[in-house]
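When a ligand or atom number is given, it counts from 1 through the structure's own listing order.
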Amino acid sequence: MLGGWKGGERMVKVKIPESHPRRESLLYRDKIVEGLDEGIVSKEGLIAHGRGEAFDYLLGEKTVEEALDAEKAGVAAMLLGRSSAISVNGNTAALAPEKLIELSELLDAPLEVNLFYKSEERVERIIAHLKKHGASRVLGRKGDAKLPIESERAKVDSDGIYRADVVLVALEDGDRTEALEKMGKSVVAIDLNPLSRTAQKAAISIIDELSRALDNMIDMARFMRDLSADELNSVLESYDNDRILKSTLEKIAKGLMMLGLESR
Ligand code: ATP
Ligand code: MG
């Protein structure tokens, strides 16, 4: 069902046909708007989502091979890490709460709410939302440790992101990714824009839509959990993030060329 608006208020739920070519994309959009109505997503989050949609369009709204490699490397890094954590913001909580919870359980990586546009109320709403979807424990209330950045995002929990040596971030701001990497942590980022600072600074950049990326990582984590440290290390050793970023950008550029030719 899709939202409809009248006079600034959400009036109706419009059913989106099964056959609609952009069905998935419209359903995600609806989840974001619902998240806004529930006080989980910030207004700025709507804009960030739109930027993501544009890049997904250019990638054909599917997981490219490069993203699969990055997802596999990301899971390996999180399994090998001494301690890992998953950073959650309003958009990620609204789009894929169950998937975040499942991956967190499979990888033994706590979920921690960390917001750029932070208010205590929104943190509480996101924690409640995740708990409603089955999370047993969500960090992000304490904020008893500090990252070397200037925004509200500096405050983190000592037993979550601060302690972790591998942090999964999604739909993230570049500043914090940079700060986490500078602290010696390894950042695994899910971000559809290969040119964003987040994607450029992360150790492992997953250029894929959040829900698709999490689904793939959940599948991978199920069997990779049983791999030995040597096997996981060899996944990481053969991974080259610069090559992945370059190859994804080439794919987008080639796709644009083809579209340009087709529309003549
Ligand atoms: P940066 O600060 O890293 O340079 P930015 O300022 O361009 O990034 P932000 O608003 O800080 O963007 O972060 C949002 C990022 O999340 C954008 O790069 C956007 O493309 C991406 N994004 C939005 N929605 C999704 C989604 N559903 N799946 C994956 N990525 C997404
Ligand atoms: Mg930014």
Problem set entry | Options L171, I190, N91, ranked by nearest heavy atom to atom 22 (N) of ligand 1, top entry | L171

Seminar exercise, completed: In ligand 1, the atoms that come under 4.0 Å of a heavy atom of N193 are 18 (O), 20 (O)

Exercise. Can you tell which part of E53 has a heavy atom less than 4.0 Å from ligand 1: side chain, backbone, both or neither?
Worked result: neither

Seminar exercise, completed: The N/O/S atom of D173 lying closest to the Mg ion (ligand 2) is OD1

For this session: Evaluate the side-chain proximity of N89 to T92: yes if any heavy-atom separation is below 4.5 Å, no if none is.
Result: yes

Exercise. Between S158 and D144, does any side-chain donor sit less than 3.5 Å from a side-chain acceptor?
Worked result: yes

For this session: Please name the pair of heavy atoms, one in R153 and one in L115, separated by the smallest distance, quoted to 0.1 Å.
Result: CG-O, 3.3 Å

Exercise. What do you reckon, does L95 have a nitrogen or oxygen under 3.5 Å from a nitrogen or oxygen of ligand 1?
Worked result: no

For this session: Kindly write out the residues that satisfy salt bridge (charged side-chain N to carboxylate O under 4.0 Å, His left out) with R212, not counting sequence neighbours, or none if the list is empty.
Result: D56, D208

Exercise. Can you tell which of H49, R51, R197, E178 gets a heavy atom nearest to atom 7 (O) of ligand 1?
Worked result: R51

For this session: Assess D208 for proximity to ligand 1: is some non-hydrogen atom of it under 4.0 Å away?
Result: yes

Problem set entry | Stepwise side-chain contact (heavy atoms from CB on, under 4.5 Å) check, L249 with I207 | CA-CA 10 Å; L249 276 167; I207 313 298; over 6 Å; no

Exercise. Which atoms of ligand 1 sit under 4.0 Å from any heavy atom of G52?
Worked result: 19 (C), 20 (O), 22 (N), 23 (C), 24 (N)

Exercise. Regarding S196 and R51, is there a side-chain donor-to-acceptor distance under 3.5 Å anywhere?
Worked result: no

For this session: Taking E71 for its side chain and I206 for its backbone only, find out whether a donor-acceptor pair lies under 3.5 Å.
Result: no

Problem set entry | N or O contact, L192 vs ligand 1, cut-off under 3.5 Å | yes

Exercise. Without hydrogens or angle criteria, can the side chains of T248 and E66 be said to hold a donor-acceptor pair below 3.5 Å?
Worked result: no

For this session: Before signing off on this row, confirm whether F55 and ligand 1 have an N or O atom pair separated by under 3.5 Å.
Result: no

For this session: Identify, for atom 8 (O) of ligand 1, the protein heavy atom at the shortest distance, and state residue, atom and that distance.
Result: S196 CB, 3.7 Å

